[in-house]
Amino acid sequence: MRALLAVLAMVWALAFGAAAQDLSALARLDAGQSHLQGDAGGVEIALAISQPVPWRVRLLDDPPRLILDMREVDWKGVETLALPTPVRALRAGVFRPGWSRLVVELDGPWTVARSEMQTGDPGAVVRLALEPATAAAFAAEAARPEPAEWAAPKAADLPPSPVQGSGPVVVVLDPGHGGIDPGAEREGQTEAKLMLTFARELKEALLRDGRFKVVMTRNEDVFVPLETRISIARAAGATVFLSLHADALAEGEAQGATVYTLAEEATDEAAQALAERHDRDDLLAGLDLSAQDDVVVTVLMDMARTETQPRVDRLAGHLVGAIKGAELRMHRHPHQQGGFSVLKSPDIPSALVELGFLSSARDLKRLEDPEWRARMAAALVAGLAAWAEEDRAIRAVKGG
Ligand SMILES: [Zn+2]
């Protein structure tokens with residue numbers, strides 16, 4: 001155990017000591033020289049990269065997984081690696097600006113017996129040896145806190161409601177997924193990239209309108225935890241929060257835009273599954289930031305939600321009305337509800353728009369069509385404008 005700690009300490013020192021150096025060049029994975037092998041008795045991982053970079057390794061639970069963070073590594077080709085039985089899956093991509101992450105999903109409790117980077121000229125090989133561990137040892141290791149510089153920003157405490165004066169309407173646009181979490185994937189397209197493209201276009205359309213200020217939760221292909229997205233909305237003093245998605249649904253016939261709002265009781269199983277999948281993707285890619293339930297905070301949040309609920313309902317109504325008004329294809333149940341974590345700001349009216357479903361070939365074609373996207377963006381601008389006007393009038397009458 002002591003030896004293990006020493007190795008881990010070295011890895012930490014390496015990762016953070018070297019982080020300050022200028023290592024902006026991208027290293028590439030050499031999949032041909034890399035492998036994962038082993039069985040229930042032990043697993044060996046060797047990853048060859050084109051140049052040495054700062055790195056770190058750690059374990060996380062629920063589900064059990066090994067996290068390998070490396071400075072700017074292009075993981076292309078990692079999907080071609082064969083997986084030994086104890087490794088359930090690999091996922092890789094940008095985790096945060098400048099850092100890429102490889103997530104190795106494991107079939108149970110394991111421990112890192114050895115971890116080292118062998119540097120050659122000019123490449124390097126990261127070698128990891130995993131050994132079976134007891135559940136208790138694994139849990140202790142996985143519970144090790146992240147150093148401050150790695151922890152995701154904490155969701156802000158509950159501040160007073162954003163000011164709803166006569167200033168511009170602050171729209172926070174949240175392109176779903178990103179980086180290590182690509183979201184739905186079809187025919188070489190990813191939900192993450194399509195949503196970033198659409199969000200940028202919608203932002204331009206909102207700014208052209210003149211009544212809106214726009215803040216994006218991400219402006220590049222990078223992973224942003226769900227809680228951080230809420231924190232960004234909070235810090236921006238958002239009037240309204242719009243999360244943009246185009247997931248794949250198992251339900252065969254699903255197509256057309258759908259507006260989702262938060263409710264404890266999901267409209268149906270598909271809506272519930274969608275909300276759960278987003279939580280799971282977020283958890284797999286990032287850290288477990290499950291909120292601590294404080295009774296007082298919960299009561300305050302419930303009160304705020306009661307206030308916000310009618311505003312959310314009107315928001316969904318205006319968005320659905322505007323999309324229908326533009327004669328754009330909508331799902332046969334255009335307004336649905338589910339337990340989406342990203343919609344849980346108690347005092348910021350929030351909605352999640354599935355612009356379409358990547359599981360539908362027609363929807364995918366629409367999302368790839370700039371003309372269709374422009375019409376959808378115009379419809380959302382119209383819906384947001386109509387909602388903001390009505391919302392302001394109602395709140396003025398109420399003296400709020
Ligand atoms: Zn999504």
Side-chain angles (χ1 to χ4, degrees), residues 89 91 93-95 103 172-203 216-230 232-233 241-252 254-263 266-286 316 319 323 329-331 333-345 350-368 373 376-377 380:
R91 59 170 68 199
V94 179
F95 174 62
V103 180
V172 171
L173 293 180
D174 175 45
H177 310 274
I180 189 171
D181 169 18
E185 295 175 277
R186 284 292 187 284
E187 295 174 31
Q189 286 283 16
T190 68
E191 182 185 356
K193 290 201 173 117
L194 284 168
M195 291 308 100
L196 182 56
T197 301
F198 181 79
R200 285 175 175 155
E201 293 169 356
L202 177 55
K203 176 184 177 179
M216 308 259 284
T217 56
R218 67 180 178 94
N219 210 351
E220 54 190 315
D221 189 19
V222 65
F223 173 74
V224 182
L226 295 177
E227 293 223 21
T228 305
R229 295 171 194 255
I230 291 178
I232 291 170
F241 177 87
L242 212 56
S243 193
L244 302 165
H245 288 256
D247 285 273
L249 275 195
E251 190 195 342
Q255 63 164 315
T258 317
V259 176
Y260 289 86
T261 53
L262 178 70
T267 316
D268 57 21
E269 271 175 34
Q272 183 61 29
L274 203 56
E276 279 169 11
R277 182 139 38 91
H278 282 153
D279 281 358
R280 186 179 150 75
D281 284 347
D282 186 65
L283 190 110
L284 275 176
L319 292 175
I323 297 171
R329 173 81 193 214
M330 289 213 84
H331 190 271
H333 303 300
H335 177 200
Q336 299 195 40
Q337 299 183 311
F340 294 90
S341 294
V342 79
L343 302 181
K344 285 183 177 165
S345 291
S350 304
L352 184 149
V353 181
E354 294 279 352
L355 297 163
F357 293 99
L358 283 201
S359 38
S360 150
R362 285 195 192 137
D363 279 359
L364 173 55
K365 205 159 271 160
R366 290 180 187 118
L367 284 161
E368 288 176 328
R373 292 200 305 267
M376 178 57 89
L380 293 178

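Positions are given from 1 along the sequence. The model shown is predicted, which means the values in this text are computed figures rather than measured ones. What's counted below: heavy atoms across the whole structure, side chains too, no hydrogens, waters or symmetry copies. Whatever order the structure lists ligands and atoms in, that order sets their numbers, starting from 1.
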Taking only distance into account, with no hydrogens and no angle test, what donor-acceptor pairs under 3.5 Å do side-chain atoms of residues 193-200 form with protein atoms, sequence neighbours excluded?
{"from": "T197", "atom 1": "OG1", "to": "K193", "atom 2": "O", "distance (Å)": "3.1"}
{"from": "R200", "atom 1": "NE", "to": "N219", "atom 2": "OD1", "distance (Å)": "3.3"}
{"from": "R200", "atom 1": "NH2", "to": "N219", "atom 2": "O", "distance (Å)": "2.7"}

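- Of all protein N/O/S atoms, those under 2.8 Å from the Zn ion (ligand 1) are H177 NE2, E191 OE2, H245 ND1, D247 OD1, D247 OD2, H278 NE2, and waters are not counted.
- The salt bridge (Lys or Arg N to Asp or Glu O under 4.0 Å) pairs that include a residue from residues 182-191 number zero, where partners must be two or more places apart or lie in different chains.
- Residues Q336 and H331 meet the side-chain proximity criterion, which asks for heavy atoms closer than 4.5 Å.
- Listed by chain and number, the residues in a salt bridge (Lys or Arg N to Asp or Glu O under 4.0 Å) with E201 are R373 (sequence neighbours excluded).
- Side-chain contact of H333 with T258: a donor-acceptor pair under 3.5 Å is absent, judged by distance alone.
- D363 contributes a side-chain N or O that, together with a main-chain N or O of F357, makes up a donor-acceptor pair within less than 3.5 Å.
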